[in-house]
Amino acid sequence: MEGKLSSVAKNFTPSPIQELSQLAQRCNAINLAEGFPDFPAPPCIKEAAVSAINNDFNQYRHVQGICDQLALKMKKTHGLDVNPLTDIAICCGQSEAFAAAIFSIINQGDEVLLFDPCYETYEGCITLAGGIPVYVALEPPQWTLDPEKLMRSFTSRTKAIVLNSPHNPTGKVFSRDELEIIAEGCRRWDCVAITDEVYEYITYDNQKHETIAKLPGMQERTIITSSLSKTFSVTGWRIGWAIAPASAASAIQNIHIRITDSAPAPFQEAALTAFRSPIEYFETLRGVYELKRDFCMKLLGSVGFRIQFKPQGSLFLFAELPKDCLLSDVEYVEELIQQAGVVVVPGRGFFHGNESCKYQKRYIRVAFCKSEATLNAAAQKFGELINAKACPKIVY
């Protein structure tokens with residue numbers, strides 16, 4: 001059968017994040033690699049899902065109430081008028097919404113700008129559509145956007161730009177000034193902005209998420225994608241959406257129907273309960289994750305990691321290896337698994353630009369969306385290494 005595989009299939013390899021998570025399971029290691037919570041989802045939305053199943057909401061279904069709630073949210077939070085009947089497509093998670101958004105606008109040879117480092121899924125969707133990813137490097141250690149570098153990246157072939165804020169893997173929240181620069185490029189070159197806003201409610205230190213769609217001239221050229229997954233700790237439910245001008249939303253909906261037909265019906269029903277969560281839920285969510293972020297920063301600092309950028313949002317720390325560490329990111333992760341039984345992600349998988357940049361092999365990503373018990377167990381593992389000085393390669 002191998003000889004029958006398509007060229008697309010041959011070019012896709014297993015995700016290093018998934019491979020490491022599988023390794024963590026086989027080795028019974030502590031998984032700080034994959035960005036999913038290992039603690040329970042809110043009881044009220046679980047009960048709503050069970051109730052929906054018991055009430056036989058188990059067939060193909062479109063829950064218009066989700067669109068109604070999203071339209072209200074966009075008006076209240078961002079001041080945007082969204083028609084719930086025409087401007088929203090419900091999909092199987094943000095990943096499908098993003099893929100369908102790409103497939104809806106990208107033709108063979110179209111260029112798509114991405115900020116580097118970035119989440120690995122984006123490139124795959126673009127290449128599947130026949131597009132050409134063009135990477136614009138954010139400058140470490142603060143992951144700053146160089147306006148001139150961005151503007152030089154636009155060409156007559158540029159069709160879209162991908163914006164993920166809060167950002168995976170760095171935790172950067174793009175500032176209003178940066179959003180204005182990106183918006184200016186989109187307007188000047190008549191490009192579409194496709195956003196990934198799954199961490200919209202997970203920001204720290206009084207940072208606020210803003211969508212680029214609220215800037216002048218941008219709502220009509222922006223496709224927003226997001227989901228329930230991160231905000232409500234239900235990454236396996238696969239309830240996501242795209243919010244876009246009617247023509248794009250219709251195209252995304254048509255692609256979704258031909259690929260998966262319907263998002264899971266009982267979880268769509270439960271989403272209505274999630275959307276009615278009080279403001280206190282979101283405030284508590286931020287507070288809990290901020291404490292977890294600070295705990296992990298202290299933990300990594302204790303073994304010599306350099307954390308020059310404090311995450312402003314998302315669920316990840318992007319930490320630089322200790323200055324005196326001679327290992328690459330991949331080698332460090334391998335040693336960490338063997339010596340401490342802890343799994344994190346090598347940073348190089350998020351970089352796609354100039355491989356000669358040495359810093360691309362000097363970072364690891366740590367997911368801190370874990371229970372107190374998991375984080376304390378990881379801290380104990382690191383503590384044992386420090387006290388025993390068992391592994392000078394990874395403890396400094």
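Between Asp294 and Tyr204, the side chains place no donor N or O within less than 3.5 Å of an acceptor N or O (distance only, hydrogens not considered). Side chain to side chain, Tyr135 and Glu123 meet the donor-acceptor criterion of an N or O pair below 3.5 Å. The closest side-chain donor-acceptor pair between Thr225 and Gln94 falls under 3.5 angstrom. Under 3.5 Å, the side chains of Thr155 and Glu111 contain a donor-acceptor pair of N or O atoms. Side-chain N/O atoms of Gln308 and Gln142 include no donor and acceptor closer than 3.5 Å. A side-chain N or O of Ser51 and one of Asn55 form a donor-acceptor pair less than 3.5 Å apart. A donor atom on one side chain and an acceptor atom on the other are found under 3.5 Å apart for Thr195 and Glu197.
A perpendicular orientation is assigned to the rings of Tyr359 and Trp143, their planes being inclined by more than 60° (bins at 30° and 60°). Relative ring orientation between His78 and His209 is described as perpendicular, the plane-to-plane angle rising above 60° on a 0-90° scale split at 30° and 60°. Ring planes of Phe282 and Phe232: perpendicular class, angle over 60° (limits at 30 and 60°). Classified by interplanar angle (parallel below 30°, tilted 30° to 60°, perpendicular above 60°), the ring pair Trp189/Phe154 is parallel. Ring planes of Phe174 and Phe115: tilted class, angle from 30 to 60°.
The pair Glu269-Arg61 meets the salt-bridge criterion, since a charged nitrogen lies less than 4.0 angstrom from a carboxylate oxygen. Note on Glu200 versus Lys73: salt bridge recorded, some NZ/NE/NH1/NH2 to OD/OE distance being below 4.0 Å. Salt bridge status for Arg362 with Asp329: absent, with no side-chain N to carboxylate O gap under 4.0 Å.
Between the side chain of Ser153 and the backbone N or O of Lys149, at least one donor-acceptor pair lies under 3.5 Å. When atom types are taken as modelled, the side chain of Arg238 and the backbone of Thr235 share a donor-acceptor pair closer than 3.5 angstrom. Of the possible donor and acceptor atoms, none in the side chain of Thr374 sits under 3.5 Å from a partner among the backbone N and O of Lys370.
Residue pairs meeting the ring pair (Phe, Tyr, Trp, His ring centres under 6.0 Å) criterion with at least one member in residues 233-263, sequence neighbours excluded, are Trp237-Phe267, Trp241-Phe275. Every pair passing salt bridge (Lys or Arg N to Asp or Glu O under 4.0 Å) that includes a residue from residues 172-194 is listed here, sequence neighbours excluded: Lys172-Glu178, Arg176-Glu180, Arg176-Glu210, Glu184-Arg187, Glu184-Arg188, Asp190-Arg221.
For Phe98 and Tyr122, the gap between ring centers is short of 6.0 Å.
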